[in-house]
Amino acid sequence: MKSEPDVYSIDDLIADGRTHWDGVRNYQARNNMMKMAVGDEVLYYHSRQTPPAVVGRAKVVREFYPDFTQFDEESSYFDARSSEENPRWQMVDVEFVEKFDSEISLTEIKEQKPLADMVLVNNSRLSVQPVSKKEFDWILQMSQSQS
DNA sequence: GCCAACGTTGGC
DNA sequence: GCCAACGTTGGC
């Protein structure tokens, strides 16, 4: 899961303990969230920083339910085409697990041959994307060997 | 801050 | 249902 650190960083997640992942307004990203189950592990990625990087881990603690910001006219995430009866957008709740001692930059990830097929490497625009177990474990390993 | 890549919208 | 125009994301 990607977040712009200016908007909601992993330190914000540490402070909150857990949070609802509101504001996803892309169908592919939404569909990926709808596949998540309680207990699923999440890599936490900071986009739009230099360099962009995986900065830690979280886990899913509540499966998808309607994103309330879509009904809030005050919110920038408001969607007039959505209704409570027929919501377009969903969110999940995630809980903080770990902040890596050293960030795993996108540059380093791109250097790893076993990670060549990661969605992160091939479709940089998707904000919620699937990670295979192999990829997940590989990145976790990288974070442990760097610290 | 720029701009390529991608997603969405809407006219036809 | 195609595709041009537009808006957004995110790496650089």
Could you state whether A/Val128 and A/Phe96 fall into the same hydrophobic cluster, counting links through intermediate Ile, Leu, Val, Met, Phe, Trp or Tyr residues with side-chain heavy atoms under 4.5 angstrom apart?
yes
Look at the side-chain N and O atoms of A/Lys2 and state whether any lies under 4.0 Å from the OP1 or OP2 oxygen of C/dT8.
no
Aromatic centroids of A/His20 and A/Phe68 separated by under 6.0 Å:
yes
Heavy atom of residues 24-36 of chain A under 4.0 Å from DNA chain B: which residues?
A/Asn26, A/Tyr27, A/Gln28
Go through the steps to decide whether A/Arg57 and A/Glu98 satisfy the test salt bridge (charged side-chain N to carboxylate O under 4.0 Å, His left out), and finish with yes or no.
CA-CA 5 Å; A/Arg57 285 189 286 155; A/Glu98 182 195 4; 2.9 Å; yes
Of the listed C/dT8, B/dG7, C/dG11, the closest approach to the A/Asn123 side chain comes from B/dG7
Under-4.0 Å side-chain N/O to phosphate OP1/OP2 contact, A/Tyr45 with C/dG11:
yes
Taking atom types as modelled, find out whether A/Gln49 and A/Glu103 have a side-chain donor-acceptor pair closer than 3.5 angstrom.
yes
Verify, without hydrogens or angle tests, whether A/Arg30 (side chain) and A/Arg88 (backbone) share a donor-acceptor contact under 3.5 angstrom.
yes
Distance-only side-chain donor-acceptor flag, A/Thr69 / A/Asp67, under 3.5 Å:
yes
Got a sec? Which of residues 69-76 of chain A come in under 4.0 Å of DNA chain C, heavy atoms?
none
Using whole Å, what does the distance between atom C1' of nucleotide C/dT8 and atom CD of A/Glu4 come to?
11 Å
Quick one: A/Arg125 CZ to C/dG11 C1', roughly how many Å, whole number?
12 Å
How close or far is atom C1' of C/dT8 from atom CG of A/Asp79, stated in whole angstroms?
15 Å
Check each of A/Glu108, A/Lys134, A/Met142 against A/Leu115 using the side-chain contact (heavy atoms from CB on, under 4.5 Å) test, and report the only one that passes.
A/Met142
Value in whole Å for how far the C1' atom of B/dG7 lies from CH2 of A/Trp89:
10 Å
Indicate whether any N or O donor in one side chain lies under 3.5 Å from an N or O acceptor in the other, for A/Trp21 and A/Asp93.
no
Please state how far atom CZ in A/Arg81 lies from atom C1' in B/dG10, giving the value in whole angstrom units.
12 Å
A/Tyr45 side chain near A/Val55 side chain, heavy-atom distance below 4.5 Å
no
Write down the distance between CG (A/Leu120) and P (C/dC12), rounded to a whole number of angstrom.
10 Å
Is the closest side-chain donor-acceptor distance between A/Ser82 and A/Gln70 under 3.5 Å?
yes
Please tabulate the protein-to-nucleotide N/O contacts below 3.5 Å involving nucleotides 2-6 of chain C, giving atom names and distances.
none

Any salt bridge linking A/Lys35 with A/Asp40? Criterion: basic side-chain nitrogen under 4.0 Å from a carboxylate oxygen.
no
Could you give the CG-to-P distance, from A/Asn122 to C/dG11, as a whole number of Å?
13 Å
